[in-house]
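All ligand and atom numbering here is 1-based and tracks the order in the structure. These numbers come from a predicted model, not from an experiment.
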Amino acid sequence: MRNAFVASGIAALAALAAACGPTGSEPASAPASVPATPPAPKLTDAEKQAILATLPAPYNAGNLDNGKSTFALCQSCHTLTEGGPNKTGPNLYGVFGRVAGAHEGFQYSDAVKAAGFTWDAGKLDAWLTNPKTFLPGNRMTFVGLKDAEKRRDLIAYLKVETGYKPGE
Ligand code: HEC
């Protein structure tokens, strides 16, 4: 009698488990196509040219289209948009006026963390000319941009694209 009761109890549990089964195997919903952040409002070409005109020389003479082309050398590792993701390198939005090695959520090398300066056009110019000698021990695998005009155009482009506000 007692065994029969236990057996029916087990049968009931088994039925319950079977009924619960499908809930545990729901397909995980992958939000693959949902963008991490809403797209920031884009600057018009006229607004970009207006910002360019406020930059100190020689950057006010920079060519934004050329700068954009040169940024192709960087974009496998860096994004420029506000709230954009870190890749191999940190997101660069707001880099001008920011202390080196300070972008949240990025694991910098000790060399960059210890740099102790704030990025401005001059520092960026030296970094981009030869990252290896400018901050020995850093992890940016980039050979350097020897052409001063390309650096000028790239820095002007970066200023305009990374949220630089005239007068800052
Ligand atoms: C192969 C990947 C790669 C390429 C290409 C690359 N970078 Fe980087 N960049 C990095 C990494 C990694 C770091 C962080 C270095 C460290 O912590 O030592 C970095 C750091 C930086 C920083 C310092 C950011 C901060 O928050 O202090 C700037 C500015 C920068 N890169 C600009 C550029 C520009 C402009 C280009 C194109 C000319 C470029 N990088 C090309 C990987 C790259």
Is the closest heavy-atom distance from [X] to ligand 1 below 4.0 Å?
X      : value
Ala111 : no
Phe71  : no
Leu92  : yes
Thr70  : no
Lys87  : no

Has ligand 1 got any nitrogen or oxygen that is less than 3.5 angstrom from a nitrogen or oxygen of [X]?
X      : answer
His103 : no
Thr141 : no
Asn138 : no
Gln107 : no
Ser76  : no

List every atom of ligand 1 that sits less than 4.0 Å from any heavy atom of [X], numbering the atoms from 1 in the order shown and giving each element.
X      : answer
Arg98  : 26 (O)
Ala100 : 27 (O)
Phe106 : 14 (C)
Leu73  : 5 (C)
Ser109 : 16 (C), 17 (O), 18 (O)
Leu124 : 29 (C)
Gly101 : 25 (C), 26 (O), 27 (O)

Next on the checklist: Can you tell whether the side chains of Lys113 and Asp110 come within less than 4.0 Å, N to carboxylate O?
Outcome noted: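 A salt bridge is present here (some side-chain N lies under 4.0 Å from a carboxylate O).
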
Next on the checklist: Regarding atom 35 (C) of ligand 1: of the candidates Ile155, Leu128, Thr162, which has the closest heavy atom?
Outcome noted: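 When every heavy atom of Ile155, Leu128, Thr162 is considered, Leu128 comes closest to atom 35 (C) of ligand 1.
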
Checklist entry - Taking the minimum heavy-atom distance to atom 25 (C) of ligand 1, which of Phe96, Trp119, Phe117 ranks first? => result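 When every heavy atom of Phe96, Trp119, Phe117 is considered, Trp119 comes closest to atom 25 (C) of ligand 1.
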
Do [X] and [Y] have side chains that get closer than 4.5 Å, going by heavy atoms?
X      : Y      : result
Tyr59  : Asp125 : yes
Val95  : Leu158 : no
Leu154 : Phe71  : yes
Glu161 : Ile51  : no
Ile155 : Leu128 : yes
Phe134 : Lys123 : yes

What is the nearest protein non-hydrogen atom to [atom], stated with its residue, atom name and distance?
atom                    : value
atom 28 (C) of ligand 1 : Trp127 NE1, 3.3 Å
atom 7 (N) of ligand 1  : His78 NE2, 2.8 Å
atom 36 (C) of ligand 1 : Cys74 SG, 2.8 Å
atom 26 (O) of ligand 1 : Tyr108 OH, 2.6 Å
atom 3 (C) of ligand 1  : Cys77 SG, 2.7 Å
atom 12 (C) of ligand 1 : Thr88 O, 3.2 Å
atom 13 (C) of ligand 1 : Pro90 CD, 3.7 Å
atom 11 (C) of ligand 1 : Gly89 CA, 3.7 Å

Tell me if a side-chain donor or acceptor on [X] pairs with a main-chain N or O of [Y] at a distance below 3.5 Å.
X      : Y      : answer
Arg98  : Tyr93  : yes
Tyr108 : Asn138 : no
Arg139 : Gln107 : yes
Asp153 : Asn63  : yes

Item to check | Pair Thr79, Asn91: side-chain N/O donor-acceptor within cut-off below 3.5 Å | outcome: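 Yes, Asn91 and Thr79 have a side-chain donor paired with an acceptor closer than 3.5 Å.
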
Checklist entry - Between Gln49 and Leu64, does a side chain to side chain contact (heavy atoms under 4.5 Å, CB included) hold up when you go through it step by step? => result CA-CA 8 Å; Gln49 290 301 327; Leu64 296 181; 3.9 Å; yes

Item to check | Which segment of Leu135 sits under 4.0 Å of ligand 1 when only heavy atoms are counted | outcome: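 Under 4.0 Å from ligand 1, Leu135 contributes no heavy atoms.
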
Item to check | Whether over 12 other heavy atoms sit under 6.0 Å from Lys150 NZ | outcome: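 Not buried by this count: 12 neighbours or fewer within 6.0 Å.
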
Checklist entry - In terms of hydrophobic clusters joined by side-chain contacts under 4.5 Å, are Leu43 and Leu55 together? => result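 Leu43 clusters together with Leu55.
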
Checklist entry - Hey, any chance Phe96 and Phe106 share a hydrophobic cluster, counting ILVMFWY side chains that come within less than 4.5 Å of each other, even indirectly? => result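 As far as the 4.5 Å side-chain criterion goes, Phe106 and Phe96 are connected within one cluster.
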
